[in-house]
Peer 1: 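Below is one structure. I have some questions about it.
Every chain is numbered from 1, with letters handed out A, B, ... down the list of sequences.
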Amino acid sequence: MSRYLAAEIEPKWQKAWDNFEVFKAVRDENRPKYYVLEMFPYPSGKLHIGHVRNYTMGDVIARYKMSTGHNVLHPMGWDAFGMPAENAAMAIGGHPKEWTYGNINQMRQQMKPLGLSIDWSREFATCDPEYYGQQQALFLDFLNKGLVYRKNAVVNWDPVDMTVLANEQVESGRGWRSGALVERRELTQWFFKISDYAGDLLDAIDVLDDWPAKVKLMQANWIGKSRGLEFSFETIGAPDGFDEIDVYTTRPDTLLGASFVGISSDHPLARYLETENRDIAAFNKECRQMSTSEADMEKADKKGIDTGIRVRHPLNPAWELPVWVANFVLMDYGTGAIFACPAHDQRDLDFSLKYNLEVKDTFFALENETPVGTKAFVPPKSEKVRWINHFAGLGVATGQEAIDATITHAESHGWGKGVTNYRLRDWGLSRQRYWGCPIPVVHCVTCGVVPEKKENLPIRLPDDVTFDKPGNPLNRHATWRDCACPSCGAPAQRETDTMDTFVDSSWYFARFTSPDAATPTDQEDLNYWMNVDQYIGGVEHAILHLLYSRFFCRAMQLTGHANQKNAQEPFNALFTQGMVTHAIFKTAKDDGRPVYHYPEEVELRENKAYLIADGREVDIVPSSKMSKSKNNVVDPERIIEQYGADTARWFVLSDSPPERDVEWTASGAEAAYKFLGRVWLISHRVAQMPSDELTDSDNDLLQEMHKTIRDVTLGIESFGFNAAIAKLYSFTNTLSKSKASAVAQKLSIITLAQLMSPMTPHLAEDIWQHQGGTGFIAQAPWPVFDKNMLVETTVTLPVQVNGKRRAEITIAKDLEKSEVEKLALMQEAVIRALEGADPKKVIVVPGRIVNVVA
RNA sequence: GCCCACGUGGUGGAAUGGUAGACACAAGAGACUUAAAAUCUCUGGGAUUAAUAGUCCGUGCCGGUUCGAGUCCGGCCGUGGGUACCA
């Protein structure tokens, strides 16, 4: 054999790892444990290149940690409940269960050839009854501790299909299948009381040292702590029972700039008014004919209707303000009613200008007293401004000082109270769908809502369901739905809502520590393996999934499923990798609906795309997240088949920094393969060299080797895989040209193989074996660099004049600053650049640079 | 709309506030070869220039801080992610 043949090497080593159970995680108190986890995939059916990128990164960390003496847990599973399975059942027939498990088998088969260091014995899918049964047990314990409750909430309702739509299924206000205008409808739904933990979830962000700052910021903003004032307006001309309107504001300091009171169309007063006022009813109806998504609501034109009701200003009973129903006021935040100060809020200003409402300044910038025109004056709360309208007689003060003064005034005079509010809402977990974890409660006419008995868990999904009618099949399944009340035994009905799939992914990491336990978790296993030391996944999960998981850990602790010994935070370190994007190729059907084409159906010429089949031109939507429904998914199978797993792994790690999005292009995969072939050949060449001894001339190579060990180690530890790979390229170039002794070259190729082993484990094992290594390279200790080999005696410094590089000097490393300065000023180019002038200043940064300031 | 990122050669990208373009891809030239493949060597931001000597310009745009800014600050523009029922 004289050529690098991945197809022979890779299966061989995978089998060997399997036989020796190299990646099986077993508790061992004598070694430090390390839990590496990549966000588990949704089994869409095809592994795509983004998955390969994600799992390869995790694998590099796992293998690296293994060789630095850690007892590594690296599991894999499937986030298997969710809408696509039901959509497939509706579109092509079949059953979500078959579809899902079929996809899992397919994806596992695609994943295994990658040679990931996964302990497959721990694998599970969230749709396994063994998993969701334990989840039901967790739910019951949460319910028991008051962490779950029911209340009304709005959903997107498709009046033609008679079904609840996800936000994703609403396309510009219409249902994606029926095309009907979507309505908002209230249903009684289950909620987790995550808001109880808002303060804690916010404060604990500070503890997350190894999380990206951007994720922490996003979470903090999402929780959105604010200190504000809650107070009431006394109404004039309002119906009985509406003597007051409660409002919450974060800017009570601008109260003297008030112009109107805005209430949500879902506010009780608005709801009452619509029963007796046709115009308001029509307006409210219009407001409700909109998807429930925040983005849609915020982007909609600001609209309102005057209710005719007026309120008294709390600081001046003679001053009356109109009450409007406004489409931008959210019922879910604060009290569902606001007072508007157009001078200092752009949204209020736009609204006021549109409806000719008063605009009144309350403060000006210190050096500019122009009244507000079409742009609201909204300085940061920390900026000093000049108050012209404040009841406490403020002169120059910051917004924050004014807010504090206002709250103090309100509390001491009894017209309002300071309130800390959070933007974070409770987590609605009810889904009116079949393919999810059934909520284990029963509705009984006499006993009300009754928790299912734990011994009856899991409450299994019935298999005999059909998807030929819209809506939740569980609702139509009489024999499943009808049951006996666990409390009184009378005929009762099961809850037919299932759980949000985010519930499934909020504790799977804990279940991996004891996937077969008869309770949700096993305390000993959990205590040994938790927390996850390194969590890796897409930044698209920066808020919801991570926040829900953080909440679940707290709830599990409260219910005794996680010991106090574990920190409340599940993930010690987080790395958010970028997405792999690809252009979408799109044409339109006759009715205007889009048709998406696979990259391989399309031919590119001069920045335009054409269908290979019939030559029609295709629209290109650049850089879009790979999505199965858009057919822009690139699957890695071809690269693996052609070049092998090591090439695919090496290739996805090279070039692009892991946290950044990459536009996928396969050009370069071949080059990666050639490189691995080169390394393999070097190993063979070195193996055939006659043995000899180290000489002084080997120093260059060995020095380079130690530098490479240092740089690659640092690169792996800091997720700088692309930079680490660049160093490995350099070192390989050096080694392939080296004239050093056989001993030095052998040491170098072994070290190179070890440094590459987390990325290209199969090739590395092969070289290790060639060079006579014992055992697996996967279990060999990581190379350590020798500091003494990195000491440089001379250093080359650039010399700048006014920040522009003019010359270079090579000097002894520890030369005195004054000497360096002298040398720099003697440089011809420096003298020329100074044009005879004396330097004003010379800055010498030791070992870095010299800058002469003229 | 709001929150968070990102923007550097033909391309992917490198650069603790300290020589911008490491390393690679694609390209061009050359060596080897009957030829091709493979392999190896060299070139390469732009302008000016005989020059691998210099000089000037250059990290989305405008401004600022600094001896020195791709990097820090402010304001724009563009792209991406999230926006609570996509996962």
Peer 1: Once hydrogens and angles are ignored, does a donor-acceptor distance under 3.5 Å link the base of B/rC6 to the side chain of A/E659?
Peer 2: no

Peer 1: Between A/D426 and A/F81, who's closer to the 5' end of RNA chain B by nearest nucleotide?
Peer 2: A/D426

Peer 1: Between the protein and nucleotides 37-40 of chain B, which nitrogen or oxygen pairs are less than 3.5 angstrom apart?
Peer 2:
none

Peer 1: Strictly by Watson-Crick or wobble contacts shorter than 3.5 Å, is anything paired with B/rC25, and which nucleotide is it?
Peer 2: B/rG10

Peer 1: Closest-nucleotide mapping onto RNA chain B: is A/L217 or A/A671 further toward the 5' terminus? I mean the 5' end.
Peer 2: A/L217

Peer 1: Counting any heavy atom closer than 4.0 Å, what does A/L728 reach on the DNA or RNA strands: base, sugar-phosphate only, or nothing?
Peer 2: nothing

Peer 1: For a quick check, tell me whether the side chain of A/Q346 and the base of B/rG1 share a donor-acceptor pair closer than 3.5 Å.
Peer 2: no

Peer 1: For A/D500 and A/Y548, does a side-chain donor sit closer than 3.5 Å to a side-chain acceptor?
Peer 2: no

Peer 1: Can a donor-acceptor pair under 3.5 Å be found between the side-chain atoms of A/N851 and the base atoms of B/rC67?
Peer 2: yes

Peer 1: Is the phosphate of B/rA14, meaning OP1 or OP2, less than 4.0 Å from a side-chain N or O of A/N722?
Peer 2: yes

Peer 1: Determine the interatomic distance between C1' on B/rA69 and the same-named atom on B/rU8; round to the nearest Å.
Peer 2: 14 Å

Peer 1: Between A/R184 and A/D266, does any side-chain N to carboxylate O distance fall below 4.0 Å?
Peer 2: yes

Peer 1: Kindly say if A/N221 contacts the phosphate of B/rC4, meaning a side-chain N or O under 4.0 Å from OP1 or OP2.
Peer 2: yes

Peer 1: Both distances below 3.5 Å, Watson-Crick or wobble geometry, any strand: find the nucleotide opposite B/rC56.
Peer 2: B/rG46

Peer 1: To the nearest angstrom, how far is A/R423 atom CZ from B/rC4 atom C1'?
Peer 2: 12 Å

Peer 1: Does the structure place the NZ or CZ of A/R3 under 6.0 Å from the centre of the six-membered ring of A/W680, at an angle of no more than 45° from the ring's axis?
Peer 2: no

Peer 1: Does A/K193, at its NZ atom, have more than 12 non-hydrogen atoms belonging to other residues, nucleotides or ligands within less than 6.0 Å?
Peer 2: no

Peer 1: Using only modelled atom types and a 3.5 angstrom limit, is any donor from either the side chain of A/R848 or the base of B/rU16 paired with an acceptor on the other?
Peer 2: yes

Peer 1: Given B/rU55, is OP1 or OP2 found less than 4.0 Å from the side-chain N or O atoms of A/R806?
Peer 2: yes

Peer 1: Please give the nucleotide sitting opposite B/rC2 as a Watson-Crick or G-U wobble pair, both distances under 3.5 Å, or none.
Peer 2: B/rG82

Peer 1: Find the distance A/I849:CD1 to B/rU16:C1' and express it as a whole number of Å.
Peer 2: 14 Å

Peer 1: Rounded to whole angstrom units, what separation is found between the NZ atom of A/K214 and the C1' atom of B/rC6?
Peer 2: 9 Å

Peer 1: Measure distances between side-chain N and O atoms of A/Q169 and base N and O atoms of B/rC85, and say whether any donor-acceptor pair falls under 3.5 Å.
Peer 2: no

Peer 1: Ignoring backbone atoms, establish whether A/T501 has a side-chain N or O less than 4.0 Å from OP1 or OP2 of B/rA87.
Peer 2: yes

